Amino acid sequence: MQERYDPAAVERAAQEHWERTSAFRAAEDPGRPKYYCLSMFPYPSGKLHMGHVRNYTIGDVLARHHRMRGFNVLQPMGWDAFGLPAENAAMAHGVPPAKWTWDNIAYMKRQLKSLGFAIDWSRELATCSPEYYRWNQWLFLRMLEKGIAYKKTGAVNWDPVDKTVLANEQVIDGRGWRTGAPVEKREIPMYYLAITRYAEELLAELDHLPGWPERVRTMQANWIGKSHGVRFAFPFELDGRQEKLWVFTTRADTIMGVTFCAVAAEHPLATRAARDDPRLAAFIEECKHGSVMEADLATMEKKGMPTGILVRHPLTGERIEVWVGNYVLMGYGEGAVMAVPAHDERDFHFAKKYGLPIRQVIDLPGKSFSLDAWQEWYADKQSGRCVHSGRYDGLGIEEAMEAIAADLEAKGLGGRQVTWRLRDWGISRQRYWGCPIPLIHCETCGTVPVPDAELPVVLPEDCVPDGSGNPLARRRDFVECRCPKCKAPARRETDTMDTFVDSSWYYSRYACADNAGRMVDERVNYWLPVDQYIGGIEHAILHLLYSRFWTKVMRDLGLVGFGEPFSRLLTQGMVLNEVFFRKPASGRIAYYNPAEVEIRRDEKGNRIQAVLKADGAPVDSGGVTTMSKSKNNGVDPQALIERCGADTARFFMMFASPPEQTLEWSDAGVEGAYRFLKRVWAFAWTMRETVASAPGSVPLPLPDAATATRRTIHFNLKQANYDFGKFQFNTVASAAMKMLNALEAAPRSGAAEAAVVREGLSILLRLLSPITPHLCHALWSELALGGELLDAPWPEPAAEALARERIELVLQINGKMRGSVQVAASASREDIERAALAAEAACRILAGRTPKKVVVVPGRLVNIVP
RNA sequence: GCCGGGAUGGCGGAAUUGGUAGACGCAGCGGACUCAAAAUCCGCCGGUGGCGACACCAUGAGGGUUCGACUCCCUCUCCCGGCACCA
């Protein structure tokens with residue numbers, strides 16, 4: 001054994017040992033409970049970032065912990081390898097996305113290996129390999145057969161200069177990121193997956209996922225957005241025909257307050273009206289500017305223009321004017337809305353802006369309605385009553401909705417309906433670096449699926465995108481093909497799939513990644529569902545919802561025997577860092593990495609200013625945000641690993657904050673982690689002979705000092721085991737530190753004392769081993785504490801070590817801490833009360849008065865209320 | 001704008017879920033060792049007042065419930081995540 005802690009040597013040796021013994025190779029074993037521990041696979045962006053280190057360390061801690069608790073653990077890893085950054089890299093450096101991606105994978109795999117994660121690498125997969133994505137294509141064709149996949153138009157961001165579709169992140173302030181041209185909305189044909197068919201189940205099953213964080217379930221439920229309302233029509237006559245304008249509302253009780261209707265710019269009624277009205281046509285054109293992002297639509301100025309078309313109110317027959325509104329979405333609901341300015345905030349402001357009538361139809365006792373300003377209660381859905389509503393006057397919200405829905409139904413103009421906020425999943429991307437959609441367009445046969453036998457449709461790997469559309473469309477060897485039906489020359493579809501398709505089922509493929517003949521085989525039902533899924537909170541909705549949907553489709557196709565893919569979910573917070581920048585009067589804003597910036601403080605440690613180390617001049621702070629390339633606020637874990645080792649990086653990541661919380665980076669704390677590991681090593685070195693000669697079990701009874709040491713060890717172990725259950729690894733790390741503090745201070749001369757130290761070290765190393773496996777592996781074997789640490793039994797606190805005869809209770813007087821009282825552990829309520837009233841502080845403060853009340857909390861405190 | 005979450009010393013965070021606020025660590029200060037420095041070790045470390053015992057203030061801000069509130073309720077401020085083509 002070496003005296004000095006040398007992380008590089010320790011880690012190399014441990015990793016070689018695990019490699020040699022195939023320690024993390026997982027196999028099905030019906031005799032043991034299985035534990036499938038999965039961290040979200042990374043996008044191979046180039047190198048690991050701190051978020052990855054955090055994510056995979058959390059997963060590894062859980063995997064190793066469960067292994068020691070006797071579970072058959074599977075922890076696989078792969079690559080979410082398709083996506084936009086590869087195309088951006090291609091544009092910047094002229095490298096084909098395939099080469100860039102595979103190079104990144106090779107580098108990041110080395111980095112992951114150096115962190116010593118207990119991963120079964122034999123199951124590795126990359127979504128950009130044809131062996132993987134052929135099953136995307138295969139399942140897409142099954143969905144097409146079942147009508148779950150279908151074609152319709154959808155809106156995209158269009159850059160009119162580059163003549164290309166832009167991703168939302170490529171639209172900056174409504175302009176294309178490369179051209180600066182104002183972005184337009186375009187309707188293009190796309191393929192959709194009917195996730196809305198599963199809306200009811202996706203919502204209902206959320207209640208049966210107790211292992212999911214409440215906040216994620218709430219977010220998903222709100223996203224799915226089930227609402228009960230009424231779909232009804234405003235009849236009208238146009239061009240000599242009887243027509244109906246359909247709308248949906250959740251506030252049918254306010255229907256008597258409708259003063260106008262609004263339709264989307266793409267609505268047929270708008271198109272018809274614009275035919276005779278050039279100003280309206282121009283307005284509709286204007287509505288097409290801007291991005292398709294909901295956040296933009298929600299915050300933009302609400303604008304509108306009348307169409308001149310009048311429709312009839314379905315209940316009163318009153319004439320209602322139809323407007324075109326830029327805030328009405330064609331793809332959502334009917335593309336038309338009724339407007340009740342008195343009871344909808346958006347309609348209220350719109351009506352005020354354009355001088356449209358506002359008619360109050362709901363009243364709340366004690367409130368007075370005024371046209372001057374919007375008040376929150378106008379939209380109240382609880383306790384209002386109908387007014388100015390004819391025969392509905394006096395009805396409550398629910399009664400009014402019931403009556404109105406019935407009347408609409410009687411007239412054949414509508415009725416109750418359930419709607420969903422959730423929209424079908426558009427999977428077409430006009431991009432190169434993705435999974436090809438396996439379809440062929442034939443002039444005579446139409447759109448024809450590629451036959452299963454011809455799968456996969458392989459993506460050529462040598463294209464280099466240049467920002468002007470999809471290079472696949474220019475590849476004649478890809479596009480030109482024959483129609484599978486009539487054998488005539490035909491064109492291959494060049495759109496690729498959304499990368500969320502790739503990540504919607506990779507976790508199932510890990511169970512049987514070696515099966516070239518089937519998407520999944522029977523092993524999937526051994527390993528899945530995933531027992532513990534770990535990933536960033538930013539995936540709380542989309543990725544997790546799509547995966548749940550995809551799983552249900554696979555279940556309905558008989559491919560898997562489960563409907564929910566992830567039994568338990570841990571959503572880690574993001575890793576943030578401060579952003580520093582300078583904005584010159586002219587020219588581009590410059591970002592400086594926090595490593596280049598020095599924080600100046602006063603003698604109390606309060607921050608005065610931030611300066612650039614290079615020139616000593618101040619820089620501005622842009623707050624803290626997620627680490628990103630564009631803001632240059634990332635911290636490279638590689639440097640940390642090289643300087644202090646993987647165990648220090650892992651320990652610090654776990655110690656810095658609980659997993660679910662956002663983590664603000666600070667490199668100051670790293671030193672403390674490194675120092676602690678060095679102390680563990682040094683202590684083990686000092687104790688190597690003591691441990692070797694110590695008895696294998698602790699002789700009882702122990703001398704007092706040794707009893708106290710042992711109690712500290714077991715008490716902290718109990719606390720740590722409780723914290724493990726809460727995924728609170730920062731306090732597990734604290735408990736380990738407290739154990740070491742106790743052991744260093746412990747007596748070690750006699751045989752009993754040596755046995756306590758030996759037991760303490762054995763507990764400490766096992767407790768710490770999921771977090772710092774290399775260090776613990778080395779010390780466990782050096783001290784010969786028994787077999788392979790990986791499979792050592794997880795320690796449990798001993799009842800006799802925790803027991804104590806006397807305990808200390810907090811003494812409060814009127815809720816304020818005023819000292820403590822010592823009582824026997826078995827003391828009764830009366831004993832405690834007597835002891836408390838006899839305490840010096842109690843006598844002094846009470847000064848002879850009789851207390852009103854004495855509150856005793858067993859094992860904790862006693863509160864005297866004077 | 002809408003949905004979800006967060007705020008505790010100079011800093012990261014703890015508080016057994018309504019019961020000692022600040023565990024553990026970082027930074028800082030003082031000391032030991034050293035020719036010196038680094039490393040290491042020991043001590044102090046929320047604020048105000050007091051020689052001191054101690055008292056008062058303090059968990060983003062304001063109110064409330066309770067013997068007792070970081071924890072529960074109401075109002076507000078700021079920050080973070082998501083908003084369907086970033087992953």
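Just so it is clear, the model here is predicted, and its values are computed rather than measured. First the proteins, then the strands, lettered A, B, ... as listed; each starts at 1. Both backbone and side-chain heavy atoms feed into the values below; hydrogens, waters and symmetry mates do not.
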Handout entry: Between B:G60 and B:G52 - P atom distance, rounded Å
Key = 30 Å
Problem - Cation-aromatic face contact A:R421/A:W223, 6.0 Å, 45 degrees - result: yes
Practice task
List in chain and number order the residues that pass side chain to side chain donor-acceptor pair (under 3.5 Å) with A:N577, two or more places apart in sequence or in another chain; answer none if no residue qualifies.
Solution key: none
Problem - Integer angstrom distance from the C1' of B:U77 to that of B:G63 - result: 15 Å
Handout entry: Base-pair map of RNA chain B as dot-bracket, where | denotes pairing with a different strand and pairs are Watson-Crick or G-U under 3.5 Å
Key = (((((((..(((......[....))).(((((.......))))).((((....))))..(((((..]....))))))))))))....
Protein-nucleotides 39-46 of chain B N/O pairs under 3.5 Å:
none

Practice task
Name all residues meeting the ring pair (Phe, Tyr, Trp, His ring centres under 6.0 Å) criterion together with A:Y327; count only those two or more places apart in sequence or in a different chain, and write none if there are none.
Solution key: A:F350
Exercise for the section: Would you classify A:F500 as touching base, sugar-phosphate or nothing, given that sugar-phosphate means primed atoms plus P, OP1 and OP2, and contacts are heavy atoms under 4.0 Å? Expected result: base
Handout entry: Residue list, ring pair (Phe, Tyr, Trp, His ring centres under 6.0 Å) with A:W177, at least two apart or on another chain
Key = none
Completion exercise
Each nucleotide of nucleotides 64-76 of chain B classed B (base within 4.0 Å of a protein heavy atom), S (only sugar-phosphate) or -, in 5' to 3' order, makes ---BS--------
Practice task
Using the C1' atom on both, measure B:G4 against B:U40 and round to a whole Å.
Solution key: 48 Å
Practice task
Determine the Euclidean distance between corresponding P atoms of B:A69 and B:C3; express it in Å to zero decimal places.
Solution key: 32 Å
Handout entry: Partners meeting side chain to side chain contact (heavy atoms under 4.5 Å, CB included) with A:V856 (sequence neighbours left out)
Key = A:R829, A:I832, A:V854, A:V862
Handout entry: For A:R197, all residues meeting side chain to side chain contact (heavy atoms under 4.5 Å, CB included), sequence neighbours excluded
Key = A:I148, A:A194
Handout entry: side chain to side chain donor-acceptor pair (under 3.5 Å) partners of A:T731, counting only residues at least two apart
Key = A:D723, A:Q728
Practice task
Go through the structure and list residues passing ring pair (Phe, Tyr, Trp, His ring centres under 6.0 Å) with A:W79, not counting sequence neighbours.
Solution key: none
Problem - P spacing across the pair B:A58 / B:U48, given as an integer number of angstrom - result: 15 Å
Practice task
Kindly write out the residues that satisfy side chain to side chain contact (heavy atoms under 4.5 Å, CB included) with A:T494, not counting sequence neighbours, or none if the list is empty.
Solution key: A:N470, A:L472, A:A473, A:F478, A:V479
Exercise for the section: For nucleotides B:G50 and B:G18, find the distance between their C1' atoms and express it as a whole number of Å. Expected result: 34 Å
Exercise for the section: Taking side chain to side chain contact (heavy atoms under 4.5 Å, CB included) as the test, write out the residues that go with A:E493, two or more places apart. Expected result: A:Y191, A:I437, A:L439, A:H441, A:D495
Problem - Pairwise C1' distance for B:C70 and B:G6, with rounding to whole Å - result: 13 Å
